[in-house]
Amino acid sequence: MTEKVDLTDKPLDLRKTLECGQTFSWRKNGDKYYTVRNGGVLKVWQEGDELFYENYGNEIDPREVLRLDDPLEEVYQSLGKDDFIERSVLANRGLRIVRDDFFSCLIAYITSAQMQIPRIRRFVRDVSEKYGKPLRFNGEEYYEFPKPEKLAEVSEEDLRDLSIGYRAEYVKRTSEMVRDGTVEEEKLRKMDYAEARKELKKLSGVGNKVADCVLLFSLDFTEAFPVDTWVRKVLKEKYPELYDKKYKKLSENMQDYFGNYAGYAQEYLFYYGRTCMDL
DNA sequence: CGGCAGGGAGGCC
DNA sequence: GGCCTCCCTGCC
């Protein structure tokens with residue numbers, strides 16, 4: 001059954017949200033997008049001010065996974081510190097932060113080190129099809145991202161067969177640590193930002209950047225400000241007075257500048273860097 | 001074919 | 001704590 005969400009007071013640009021490069025949990029099929037998690041499939045598509053969706057298996061609420069209840073107008077107000085961010089926001093109105101599944105987000109970002117986006121997507125697809133739980137609806141086969149218990153059992157060699165090179169070791173070790181409860185999602189959610197990031201960095205293959213991405217895209221820390229090479233270039237050029245070559249200092253400067261929704265600012269600057277800037 | 005890509009680990013000071 | 005080198009693989 002097709003259902004819909006009225007978007008008149010919830011601006012959304014579905015395509016930019018799912019294609020800007022922040023998430024590896026969604027796939028495209030024609031003009032529709034779908035995600036598979038927790039025994040369910042959610043299919044969504046947008047027509048103007050309406051978001052249509054279909055659910056198979058366990059229910060997944062699009063309002064939740066697309067963060068449709070984030071007060072975007074309020075966010076924009078709080079970010080409007082200068083002309084440049086105002087223009088970036090205006091040009092990409094409706095671009096939202098996603099709320100992805102913790103473990104799949106974590107593993108995808110661990111493999112993202114020194115990789116390009118299409119390769120990361122390919123890995124997520126391959127690892128899901130090979131080790132994830134298959135779900136069948138309407139004669140179509142869908143695959144969930146494998147659980148930590150499952151992925152921890154896969155040998156490093158078999159992980160390497162998915163063309164992730166030296167990252168295979170990180171994926172295996174981190175899967176084991178999550179399986180064993182060395183780091184727990186629910187505990188992370190109760191910590192403050194600095195504490196949660198420190199905790200995440202205990203995991204193999206997780207440094208400042210990966211930790212910030214996981215905090216922002218799956219654990220609701222909207223103040224996280226991940227700095228990747230794209231964002232770094234934009235910041236160097238557009239915010240030279242806040243720029244610092246050290247990751248931690250730079251990220252903190254931007255958090256101090258943009259406030260509690262700094263992650264949203266990061267998303268708009270990232271999008272600008274990848275699409276509008278000739279760098 | 002050399003160089004580099006959405007970083008991180010491990011070794012060194 | 002800062003700096004340096006290496007790391008698989010794919011693609012230009």
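In what follows, chains are A, B, ... by sequence order, proteins preceding strands, each numbered from 1.
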Discussion item. Given the ring of A:Trp230, does A:Lys233 sit roughly above its face, with NZ or CZ under 6.0 Å from the centre of the six-membered ring and within 45° of the axis?
Written reply: yes

Discussion item. Tell me whether the side-chain N or O atoms of A:Tyr109 pair up with the base of B:dG7 as donor and acceptor below 3.5 Å, since no angle test is needed here.
Written reply: no

Worksheet item: Using centres under 5.5 Å plus planes under 30 degrees as the test, is A:Tyr247 stacked with B:dG7?
Response: no

Worksheet item: What is the distance from OH of A:Tyr166 to C1' of B:dC4, rounded to the nearest Å?
Response: 12 Å

Worksheet item: Pick one: which of A:Asp70, A:Asp49, A:Asp69 meets side-chain hydrogen bond (donor to acceptor under 3.5 Å, both in side chains) with A:Lys10?
Response: A:Asp69

Fill in: Rounded distance in Å - CG (A:Leu200) to P (B:dG8)
12 Å

Fill in: A:Asn208 CG to B:dG8 P, straight-line distance once rounded to whole Å
7 Å

Worksheet entry | Separation of B:dG3 P from A:Met115 CE (nearest whole Å) | 23 Å

Practice prompt. Look at all strands and tell whether A:Leu203 reaches a base, only sugar-phosphate, or nothing, counting heavy atoms closer than 4.0 Å.
Written response: sugar-phosphate

Discussion item. If I take atom NZ in residue A:Lys248 and atom P in nucleotide B:dG8, what distance separates them, rounded to the nearest angstrom?
Written reply: 13 Å

Worksheet item: Have A:Tyr243 and A:Arg232 got a donor and an acceptor in their side chains that come within less than 3.5 Å?
Response: yes

Item to complete: Measure from the side chain of A:Gln114, starting at C-beta and using heavy atoms only, and say which of B:dG10, B:dG7, B:dG6 lies closest.
Response: B:dG7

Item to complete: Looking at every strand, decide which applies to A:Gln116 at a 4.0 Å heavy-atom threshold: base, sugar-phosphate, or nothing.
Response: sugar-phosphate

Practice prompt. Write down the distance between CG (A:Leu106) and P (B:dG7), rounded to a whole number of angstrom.
Written response: 16 Å

Discussion item. In terms of relative ring orientation, are A:Phe103 and A:Phe145 parallel, tilted or perpendicular, with 30° and 60° separating the classes?
Written reply: perpendicular

Worksheet item: Between atom CZ in A:Arg197 and atom P in B:dG8, what is the gap in whole Å?
Response: 11 Å

Worksheet item: Will you find, in the side chains of A:Tyr109 and A:Asp100, an N or O donor that is under 3.5 Å from an N or O acceptor?
Response: no

Discussion item. When the P atoms of B:dG6 and C:dC4 are compared, how many Å lie between them, rounded to an integer?
Written reply: 22 Å

Worksheet item: Would the number of heavy atoms belonging to other residues, nucleotides or ligands and lying under 6.0 Å from CD of A:Glu73 be above 12?
Response: yes

Worksheet item: Which dot-bracket notation, 5' to 3', represents the base pairing of DNA chain B when pairs are defined as Watson-Crick or G-U with both distances under 3.5 Å, crossing pairs as [ ], and inter-strand pairs as |?
Response: .||||.|||||||

Item to complete: Take atom P in C:dC8 and the same atom in B:dG11, then report the distance between them in whole Å.
Response: 15 Å

Practice prompt. Send over the distance from A:Ile110 CD1 to B:dG6 C1', rounded to a whole Å.
Written response: 14 Å

Worksheet item: Aromatic rings A:Tyr142 and A:Phe137: how do their planes relate, parallel, tilted or perpendicular, breaks at 30° and 60°?
Response: tilted

Discussion item. Taking A:Arg93 first and then A:Asp13, would you say they form a salt bridge - that is, a charged N and a carboxylate O separated by under 4.0 Å?
Written reply: no

Discussion item. For a quick check of understanding: with a heavy-atom distance under 4.0 Å over all strands, which category does A:Val210 fall into, base, sugar-phosphate or nothing?
Written reply: sugar-phosphate

Item to complete: Would you please classify the geometry between the A:Phe258 ring and the A:Tyr239 ring as parallel, tilted or perpendicular, with 30° and 60° separating the classes?
Response: perpendicular

Fill in: Sugar-phosphate, base or nothing in reach of A:Arg160, heavy atoms under 4.0 Å
sugar-phosphate

Fill in: From CG (A:Asn92) to CG (A:Leu269), nearest 0.5 Å
10.5 Å

Fill in: Covered region of DNA chain C, 5' end to 3' end, by chain A [heavy atoms, under 4.0 Å]
C:dG2 to C:dG10

